[in-house]
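Report on the following structure.
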Amino acid sequence: MGKRDIEIDEITQCTECGSENLNQDHERGELVCDKCGLVLDDSAIDQGKDWRSFDSEQDNAKAHSGPASTLMLHDKGLSTGLPFSTRDSSGKNMPMKNRAQWYRMRKWQRRIRVANAVERNLVFALSELDRIASSINLPRSIRETAVVYYKRAIALNLIRGRSIEGVVAACLYASCRKNNVPRTLDEIGDVSKVSRKELGRTYRFLVRSIGVKLLPTSPQDYILRFCSELQVSNKVIAKASEIIKEAERLELTSGRGPTGVAAAAIYIASVVMGERRTQREVAEIGCVTEVTIRNRYKELSARLDIDVNVM
DNA sequence: AAGACGAAAGTGGTTGA
DNA sequence: TCAACAACTTTCGTCTT
C-alpha cells in the first residue's frame, strides 16, 4: 500500500491519444495506454521500505537492501551457474564418483537456462504482440492465430538472426490476411518497432518457412473497414462492393494494389450515391495517394460504364 | 480557397536472363 | 547479380467549383 498506488490512480487518460483504456502492468510496473502503447508511468514499483519499522532507529536500519530483481534478465538476475571444475568448494580434488554427478548437474542447469530463454522470448513476444494488436484494435482471434504462427516460428528456429518484434509483427500481419481482415504493411509497421521494409522481408520469409497458404488480398476485404472510417451509409458500402465485384470479374484488379482499387471503388460509390467524399479523404484512409485513386477510378469508370459526372 | 486533374520524375519490389 | 519493368508515389502546375 505505498503512495505510488494513489498516484497511479490519478492518471486516467493517455496524454498522447486521450484514450481512457489504460492498462496497469503490475509485473513490469508500468501504466500503459491500450490504444497507442504509450507508457504513462514506468515507476509503479513500491519504493517504500521492505519491512515495517517500529521506531526511528529501525527505520534507518531497515531501508531498502540491494537492487530490485528485474524481468529484463530471464532469471531476474538471481540464478547461479555451476562452474566447470574438478575441485569441490573447499578446493580439494573431487573423487571420480562425484565428478559424474557434477557433470549431470551442470547439464541440467544448462537445459533449465535454455528453457527459460525460450520462455522469456515468448513472454516478451506476447507482450509485444498484445501491444501492437490492441493499439490497432485487432480481435482476440487474430492474436491467437498470430501466436500459433509465432510458436511455429520458434519451433523452426526462425527467430535467431531476426528481431522478436519483427517476427511478432510479421505473424500479426499474416494472421490478419489469413482471417480476411487485412491490415496493410504500413499500418502494422507504424505501430511496431520495426521498419516497413524489415517487416515485409520477415513476413515473406515467415510464410515461406511455416508454410501458410495465403491468397492475394481482395479489395473487398478493405471495403468495410475503410467505409466505416469514412462514415458513409450502407448504400455506399453496397455500391462499392458491387463495383469491386464487377472489377474482379473484368480482371481490373489483378496486379493492382488492393487498397488502391478499394479506395477508388469507395470514392466512386460515394459520388454516385450522393455522399461525396474528397479524393484526399479516401486516399488518406486507404493509405494510397490521390493520383492512384484517380488512375484506378478512370479505369473502373471507363470499363464499368459509370459516368461520374452524370449525377 | 479547396478540390480535381494530369504530366513527369522518382522509388521499391518483382522477374527473368 | 543485374537490368528491365509495372505499379505506385511525389511534386507541381493548371483547371474547376
Side-chain angles (χ1 to χ4, degrees), chain A residues 158 161-163 165-167 169-178 182-223 225-227 229-233 235-236 239-240 243-311:
Chain A
L158 303 181
R162 268 165 261 277
S163 71
E165 286 102 335
V167 179
C171 288
L172 266 175
Y173 176 72
S175 168
C176 284
R177 286 189 55 168
K178 186 70 182 176
R183 294 295 186 275
T184 62
L185 275 176
D186 283 314
E187 286 172 294
I188 303 233
D190 278 349
V191 291
S192 84
K193 290 169 187 157
V194 293
S195 67
R196 205 212 89 118
K197 201 173 158 190
E198 190 191 332
L199 175 57
R201 243 203 336 256
T202 311
Y203 163 73
R204 250 173 294 131
F205 187 81
L206 182 80
V207 286
R208 212 167 339 119
S209 313
I210 68 180
V212 183
K213 284 237 167 12
L214 290 172
L215 304 169
T217 314
S218 160
Q220 197 78 56
D221 297 326
Y222 288 104
I223 296 290
R225 186 156 60 91
F226 290 171
C227 281
E229 280 186 58
L230 274 171
Q231 306 197 351
V232 291
S233 71
K235 283 193 317 192
V236 175
K239 184 71 186 170
I243 292 171
I244 300 270
K245 248 179 240 151
E246 267 305 288
E248 281 178 337
R249 200 175 59 78
L250 295 170
E251 299 196 325
L252 290 176
T253 57
S254 81
R256 306 280 140 78
T259 48
V261 179
I266 294 171
Y267 174 70
I268 295 173
S270 79
V271 173
V272 170
M273 305 313 272
E275 295 179 37
R276 184 182 212 104
R277 295 294 184 277
T278 65
Q279 292 183 354
R280 183 177 311 168
E281 285 174 301
V282 185
E284 198 164 316
I285 281 168
C287 299
V288 292
T289 60
E290 297 155 63
V291 181
T292 301
I293 291 191
R294 287 200 282 276
N295 291 335
R296 288 297 89 76
Y297 112 79
K298 258 188 297 178
E299 293 168 3
L300 288 176
S301 57
R303 295 289 301 276
L304 299 182
D305 280 337
I306 298 172
D307 195 342
V308 178
N309 301 312
V310 177
M311 50 146 292

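Every chain is numbered from 1 and lettered A, B, ... according to where its sequence line falls, protein lines coming before strand lines.
Under a 3.5 Å cut-off, the side chain of Thr202(A) and the backbone N or O of Gly166(A) do not form any donor-acceptor pair. Panel note: side chain Glu187(A), backbone Thr184(A); a donor-acceptor pair is recorded below 3.5 Å. Here the side chain of Arg296(A) pairs no donor or acceptor atom with the backbone of Thr259(A) at under 3.5 angstrom. Side-chain atoms of Glu275(A) come within 3.5 Å of backbone N or O of Ser233(A) as a donor-acceptor pair.
Distance Arg276(A) CZ to dT16(C) C1': 11 Å, rounded to the nearest Å. The CD-C1' distance, from Glu290(A) to dT16(C), rounds to 15 Å in whole Å. What separates CZ of Arg296(A) from C1' of dA6(C) is a distance of 11 Å, to the nearest Å. Here dT14(B) presents its P atom at 10 Å from CZ of Arg208(A), a figure rounded to the nearest Å. Spacing between atom CZ of Arg294(A) and atom C1' of dC8(C) amounts to 13 Å, rounded to whole angstrom units. For Tyr297(A) and dA4(B), the OH to C1' distance is 8 Å, given to the nearest whole Å. Atom CG in Leu252(A) sits about 15 Å away from atom C1' in dA7(C), given to the nearest Å. Atoms CD1 (Ile293(A)) and C1' (dA4(B)) sit 12 Å apart, rounded to a whole Å.
Counting non-hydrogen atoms under 4.0 angstrom, Thr278(A) reaches the backbone sugars and phosphates but no base. Contact annotation for Gly255(A): backbone-only contact, meaning every heavy-atom pair under 4.0 Å involves sugar-phosphate atoms and none involves a base.
Counting heavy atoms from C-beta outward, Tyr222(A) and Ile266(A) have side chains that stay 4.5 Å or more apart. Looking only at side-chain heavy atoms (C-beta outward), Pro258(A) and Asp221(A) stay at 4.5 Å or farther from each other.
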For DNA chain C, what string of dots and brackets results from 5' to 3' when Watson-Crick and G-U pairs need both distances under 3.5 Å, crossing pairs get [ ], and pairs with another strand get |? |||||.|||||||||||
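A residue-by-residue look at Arg280(A) and Val291(A) shows that Arg280(A) has its nearest nucleotide of DNA chain B further toward the 5' end.
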Could you go through the salt bridge (charged side-chain N to carboxylate O under 4.0 Å, His left out) check for Glu198(A) and Arg201(A) one step at a time? CA-CA 5 Å; Glu198(A) 190 191 332; Arg201(A) 243 203 336 256; 5.2 Å; no
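Listed by chain and number, the residues in a salt bridge (charged side-chain N to carboxylate O under 4.0 Å, His left out) with Glu290(A) are Arg280(A) (sequence neighbours excluded).
Side-chain polar atoms of Glu251(A) and Ser254(A) form no donor-acceptor pair below 3.5 angstrom.
Across residues 190-203 of chain A, Lys197(A) each have a non-hydrogen atom less than 4.0 Å from an atom of DNA chain B (numbered order).
The phosphate of dT14(B) (OP1 or OP2) has a side-chain N or O of Arg204(A) nearer than 4.0 angstrom. In this model, the phosphate group of dC5(B) is not approached by any side-chain N or O of Lys298(A) to a distance below 4.0 Å at OP1 or OP2. At dA7(C), one or more side-chain N or O atoms of Arg256(A) fall inside 4.0 Å of OP1 or OP2 (strictly under the cut-off).
Summarising the local packing, CD of Glu281(A) is surrounded by more than 12 heavy atoms from other residues, nucleotides or ligands at distances under 6.0 Å.
Closest contact between the side chain of Gln279(A) and the listed nucleotides dC8(C), dC5(B), dG3(B) involves dC5(B).
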